[in-house]
Peer 1: 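What follows is a structure written as structure tokens; I'll ask about it next.
Computed from a predicted structure; not experimentally measured.
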Amino acid sequence: MFLFLYCVKLPISVRVEINLLLLAVTVLALVTRLYDIHFPRAVVFDEVYYGQFLSLYMKQVFFIDESGPPFGHMVLALGAYLGGFDGNFFWNRIGAEYTSNVPVWSFRVIPALAGSFCIPLAYLLVVELGYSHFSALGACVILLIENSLIVQSRFMLLESVLIFFLLLAVLSYLHFHKARNSSFRWFWLMISGVSCACGIGVKYMGMFTYFLLLGLTAVHTWQLIGDRTLSYVMVQVLVRFLALVVLPVIMYIGFFYVHLTLLYRSGPHDQMMSSAFQASLEGGLARITQGQPLDVAFGSQVTLRTMSSKPVPCWLHSHKVNYPIRYENGRGSSHQQQVTCYPFKDVNNWWIIKDPGRHSLVVSSPPRPVRHGDIIQLLHGMTSRYLNTHDVAAPMSPHSQEVSGYIDFNVSMPAQNLWRVDIVNRESDREIWKTILSEVQLVHVNTSAVLKLSGASLPEWGFKQLEVVGDKIYKGYQQSGMWNVEEHRYGRSQEQKERELELKSPTHSDIKRNLTFMAKFLELQWKMLTVKNEESEHKYCSSPLEWITMDTNIAYWLHPSSNAQIQLIGNIVNWTIANLALVVYCLMFLTYLLRRRRKVEDISQDSWEQLVLAGVVCFGGWAVNYLPFFLMEKTLFLYHYLPALTFKILQIPIVVEHLYIHVLKSPAQRKAFGGVILAVLCSVYVSYHNLSPLTYGQPALSSDELAALRWRESWDILLRKR
């Protein structure tokens with residue numbers, strides 16, 4: 001929005017307005033963010049994390065990132081694609097030197113551009129809130145030389161992209177709200193909705209600002225409904241709903257559509273997904289399962305995979321080892337053959353579906369399909385033991401029944417090996433059991449126990465495999481009690497030795513089963529929300545309380561042979577005055593609120609509304625992007641605070657202008673206050689200048705400076721350096 005073009009009349013004449021201040025801060029932002037971004041030519045902190053996904057995008061290999069949606073990864077991948085990256089780089093450690101095929105500049109240019117354009121967006125946002133261009137310039141100067149924002153913008157990271165879309169969303173909505181007579185008004189509302197979707201698509205943190213914007217929209221819409229001078233009110237309400245709710249939802253789903261369309265090949269994260277999802281990918285499981293018989297029949301040879309991915313995906317398994325006669329706690333077992341859940345493909349995962357009324361272990365011609373409600377026996381292919389459960393406590397879950405491969409020890413423990421097939425996702429009461437597609441519960445006929453993965457690991461005698469139990473109090477349709485047939489063939493061998501050879505041979509075919517996009521989207525979304533990586537302490541992790549005073553830092557990169565380094569550390573002067581501005585705003589707001597309650601109006605109604613709106617955007621933006629982290633059980637880092645910091649910095653010029661205009665009355669006070677502001681801005685620059693070796697990684701600090709460096713006193717120490 002540097003240029004404003006106006007068509008006046010025929011013959012057409014054009015007037016061009018150039019905001020030189022806006023142009024200047026934009027150029028300076030580009031310089032501070034883009035300067036020498038190819039340095040260092042090595043992996044910097046979380047580039048090792050995002051780089052793995054870039055390589056998978058370039059090779060179109062499926063992956064799942066539990067930490068967030070795919071749009072942010074796709075933005076980074078766009079830069080890699082435009083730079084000609086082929087995906088061949090081993091992302092194994094921070095500090096690894098990039099090889100010649102890695103376009104470092106292309107990796108980093110999009111985050112750098114996003115971080116640069118945050119500066120003019122901040123300028124326009126302050127102006128849109130009704131404050132002067134001088135205040136907007138002050139906000140830009142502070143953001144321009146905020147060291148932490150510069151560092152985060154110069155590498156292949158996502159925070160600068162997130163902040164860009166958050167600022168654009170808020171700015172566009174405010175412009176829409178104020179431009180009531182503009183023909184482009186609804187365009188700005190659409191831009192706001194698009195930006196909200198992109199912000200959420202980059203990181204789920206974007207939802208905090210999105211909910212704040214929805215709350216502000218709800219208040220404005222409520223006021224709109226009460227305005228009897230307006231026509232077509234319901235149309236305007238509907239358009240707001242479509243632009244800020246429906247459009248972001250459609251775009252969010254669209255991000256996943258592009259993601260799944262691009263990544264059609266089997267990859268390292270396949271096993272987190274269902275068998276049907278895996279079979280829809282090229283290679284991997286699809287090579288094994290393509291063309292398998294669709295209908296499970298009596299005599300079918302199958303592997304049964306649990307629908308649960310906790311703690312890991314696994315297959316129903318047995319082997320020629322019995323349960324111990326007694327466990328370590330003194331409880332006894334049946335001493336029958338172990339049945340477990342094994343997280344790797346193995347020949348001992350194969351079972352045969354047998355008709356209890358017949359002796360045949362092969363599929364008849366024509367095949368007799370197994371249907372919902374049928375009674376079956378499951379015979380272990382390699383050991384010929386029937387799947388059995390009985391009134392014996394499970395080894396690790398004594399409240400549940402033990403599941404075993406039945407051995408007749410000629411004692412008073414008869415076989416109880418009949419199971420009823422319950423197809424959970426059936427469409428009719430006599431539906432046929434389908435390979436991959438059917439989600440099945442196996443219900444024990446004698447005890448009504450459901451075959452279930454308990455999630456507990458067995459001790460050494462069970463080879464650390466996962467425990468399978470019969471749960472008599474199982475309720476609902478929990479994934480731990482649901483199974484699907486993954487690999488399937490029609491059995492042709494009645495003899496044991498021939499059957500063993502048959503089980504060891506691979507299946508090949510040429511038919512491919514595809515899930516619908518919505519089925520894949522819903523499954524992937526569910527996995528992202530429910531499957532979390534184990535969180536562990538990190539050397540540079542921190543708590544939200546440490547962020548306020550910047551009592552923490554992150555070493556992003558250290559040169560292997562010199563003292564050159566890059567640290568994520570903020571401009572201490574900026575952080576201090578931002579905290580002060582936050583406190584001053586709260587005191588002003590509460591004071592005005594109480595005095596207005598007493599019918600004392602120190603400022604006009606317009607000034608009051610302007611101050612409240614600025615507080616909603618800036619104070620509210622800080623609060624919603626900061627306070628939720630106190631409730632999160634995850635490893636947190638200083639960079640999580642940067643969106644909140646951006647909104648908090650925007651509060652500074654707003655408080656300063658309000659004090660200057662409405663609180664300081666005499667010229668002497670204003671003159672002194674102006675001198676203080678100038679001194680503070682000079683201090684901001686000096687702090688930026690002294691921290692620049694840690695922001696840009698050059699020049700290298702001396703050994704004495706490093707030995708003296710203490711992050712809580714970084715300002716004083718680095719100031720003495722110069």
Side-chain angles (χ1 to χ4, degrees), residues 2 22-51 53-54 57 71-85 89 94 98 102-124 140-168 195 198-199 201-203 205-206 554 556-557 564-571 574 638-639 642-643 645-646 649 688 691-698:
F2 301 162
L22 189 59
L23 183 62
V25 296
T26 303
V27 171
L28 289 174
L30 290 169
V31 171
T32 57
R33 271 66 176 173
L34 288 171
Y35 168 73
D36 205 17
I37 61 170
H38 63 273
F39 179 85
R41 193 176 171 82
V43 179
V44 175
F45 201 60
D46 271 355
E47 286 187 339
V48 73
Y49 175 74
Y50 293 113
F53 301 134
L54 258 64
Y57 265 120
F71 180 66
H73 301 313
M74 289 192 287
V75 169
L76 298 179
L78 175 62
Y81 174 77
L82 294 176
F85 182 49
F89 184 76
I94 298 172
Y98 283 123
V102 177
V104 180
W105 191 88
S106 297
F107 277 6
R108 297 171 178 171
V109 68
I110 292 181
L113 289 174
S116 301
F117 291 129
C118 286
I119 308 303
L121 287 178
Y123 182 101
L124 295 169
C140 287
V141 169
I142 296 173
L143 290 171
L144 184 69
I145 53 179
E146 169 50 47
N147 299 75
S148 60
L149 294 176
I150 294 174
V151 170
Q152 203 68 15
S153 299
R154 288 173 51 81
F155 302 106
M156 188 175 59
L157 307 170
L158 288 177
E159 275 65 33
S160 62
V161 181
L162 171 64
I163 295 170
F164 170 80
F165 284 119
L166 297 185
L167 292 177
L168 182 58
S195 301
C198 292
V202 171
K203 282 195 169 186
M205 289 168 54
I554 304 175
Y556 268 16
W557 171 79
Q565 56 188 276
I566 294 173
Q567 302 272 351
L568 180 67
I569 183 170
N571 187 319
N574 282 346
L638 181 61
Y639 58 72
L642 296 183
L645 174 68
T646 302
I649 287 176
Y688 157 77
L691 286 171
S692 60
L694 303 179
T695 301
Y696 296 97
Q698 47 190 348

Peer 1: Side chain to side chain contact (heavy atoms under 4.5 Å, CB included), that's the test. Do I163 and L149 meet it? Break it down for me.
Peer 2: CA-CA 10 Å; I163 295 170; L149 294 176; 4.1 Å; yes
Peer 1: Are Q698 and F39 side-chain neighbours, meaning at least one heavy-atom pair lies under 4.5 Å?
Peer 2: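 Side chain of Q698 against side chain of F39, heavy atoms only: contact under 4.5 Å found.
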Peer 1: Within a reach of under 6.0 Å around OH of Y98, are more than 12 heavy atoms found that belong to other residues, nucleotides or ligands?
Peer 2: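 Counting neighbours around OH of Y98, more than 12 heavy atoms of other residues, nucleotides or ligands fall under 6.0 Å, so yes.
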Peer 1: Could you tell me whether the side chains of Q152 and Y556 share a donor-acceptor contact shorter than 3.5 Å?
Peer 2: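 Result is yes, a qualifying pair exists.
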Peer 1: Rounded to the nearest 0.5 Å, what's the gap from CG on L158 to CE on M205? Could you check?
Peer 2: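 Here the interatomic distance stands at 10.5 Å.
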Peer 1: Taking the side chain as everything from C-beta on, heavy atoms only, tell me whether L694 gets closer than 4.5 Å to N147.
Peer 2: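 A side-chain contact is absent here, since even the closest heavy-atom pair is not under 4.5 Å.
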Peer 1: Looking at side-chain heavy atoms only, is the closest gap between L113 and L30 below 4.5 Å?
Peer 2: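 Yes, side chains in contact.
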Peer 1: Ring centroid separation for Y49 and F53, is it under 6.0 angstrom?
Peer 2: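 Yes, the ring of Y49 comes within the 6.0 Å limit of the ring of F53, centre to centre.
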Peer 1: To check you understand the geometry: which heavy-atom pair defines the closest contact between N571 and E146, and what is its length?
Peer 2: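 Smallest interatomic distance, heavy atoms only, reads N-OE2, 3.1 Å.
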Peer 1: For D36, does its backbone N or O pair with a side-chain atom of R154 as donor and acceptor, under 3.5 Å?
Peer 2: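 Yes; judged by distance alone, with no hydrogens or angles, the pair exists.
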Peer 1: Compare all side-chain heavy atoms of L34 with those of V109 and state whether any distance is below 4.5 angstrom.
Peer 2: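 Contact flag for L34/V109 side chains = yes.
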Peer 1: Rounded to the nearest 0.5 Å, what separation is found between the CG atom of L568 and the OG1 atom of T695?
Peer 2: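 One gets 9.0 Å once the value is rounded to the nearest 0.5 Å.
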Peer 1: So, Y50 versus F107, ring centres under 6.0 angstrom or not?
Peer 2: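 Centroid distance Y50-F107: not below 6.0 Å, so no.
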Peer 1: I'd like to know if the side chain of E159 and the backbone of P643 have a donor-acceptor N/O pair within less than 3.5 Å.
Peer 2: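 Side chain of E159 to backbone of P643: no pair is present.
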Peer 1: Side chains of P111 and L76: closer than 4.5 Å at any heavy-atom pair?
Peer 2: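 When only atoms from C-beta onward are counted, L76 and P111 do touch, with a gap below 4.5 Å.
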Peer 1: Quick one: closest heavy-atom pair of M156 and R108, and the distance?
Peer 2: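 Smallest interatomic distance, heavy atoms only, reads N-CG, 3.9 Å.
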Peer 1: How long is the span from the CG atom in L691 to the CD1 atom in I150, to the nearest 0.5 Å?
Peer 2: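 Those atoms lie 10.0 Å apart.
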Peer 1: Can you give me the closest heavy-atom contact between S148 and G570, atom names plus distance?
Peer 2: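 In terms of heavy atoms, the two residues are closest at CB-CA, 3.9 Å.
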Peer 1: Restricting to non-hydrogen atoms, name the atom on G79 and the atom on I110 that form the minimum distance, rounded to 0.1 Å.
Peer 2: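 Heavy atoms only, the tightest pair is N-CD1, 3.6 Å.
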Peer 1: Got F155 and F45 here, is their nearest side-chain heavy-atom distance under 4.5 Å?
Peer 2: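 Answer no - side chains too far apart.
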Peer 1: Do S106 and L82 have side-chain heavy atoms sitting under 4.5 Å apart?
Peer 2: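 No, every pair of side-chain atoms sits at 4.5 Å or beyond.
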Peer 1: To the nearest 0.5 Å, what is the distance between CD1 on I119 and OG1 on T32?
Peer 2: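 The OG1 atom of T32 is 6.5 Å from CD1 of I119, to the nearest 0.5 Å.
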Peer 1: Give me the atom names and distance for the closest heavy-atom approach of L162 to G199.
Peer 2: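 Shortest heavy-atom contact: CD1-O, 3.4 Å.
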Peer 1: Supply the atom-to-atom distance L121 CG to L168 CG, rounded to the nearest 0.5 angstrom.
Peer 2: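 So the gap between those two atoms works out to 5.5 Å.
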Peer 1: Start with the C-alpha distance between L124 and L167, add both sets of side-chain angles, then the distance that settles side chain to side chain contact (heavy atoms under 4.5 Å, CB included), and finish with yes or no.
Peer 2: CA-CA 10 Å; L124 295 169; L167 292 177; over 6 Å; no
Peer 1: Find the distance between CG (L143) and CG (N574) and round it off to the nearest 0.5 Å.
Peer 2: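 So the CG of L143 and the CG of N574 are separated by 8.0 Å.
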Peer 1: Would you confirm whether R33, through its side chain, and S153, through its main-chain N or O, come within 3.5 Å as a donor-acceptor pair?
Peer 2: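 No, the answer is negative, given that no donor and acceptor are paired below the 3.5 Å cut-off.
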Peer 1: Side chain to side chain contact (heavy atoms under 4.5 Å, CB included) between Y639 and D46: does it pass, once the steps are laid out?
Peer 2: CA-CA 11 Å; Y639 58 72; D46 271 355; 3.1 Å; yes
Peer 1: Can you name the closest pair of heavy atoms from W557 and G697 and give their distance?
Peer 2: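 The pair with the smallest heavy-atom distance is CZ3-O, 4.3 Å.
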Peer 1: Could you tell me if the side chain of C118 sits less than 4.5 Å from the side chain of T646, heavy atoms only?
Peer 2: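 T646 does not reach C118 side chain to side chain.
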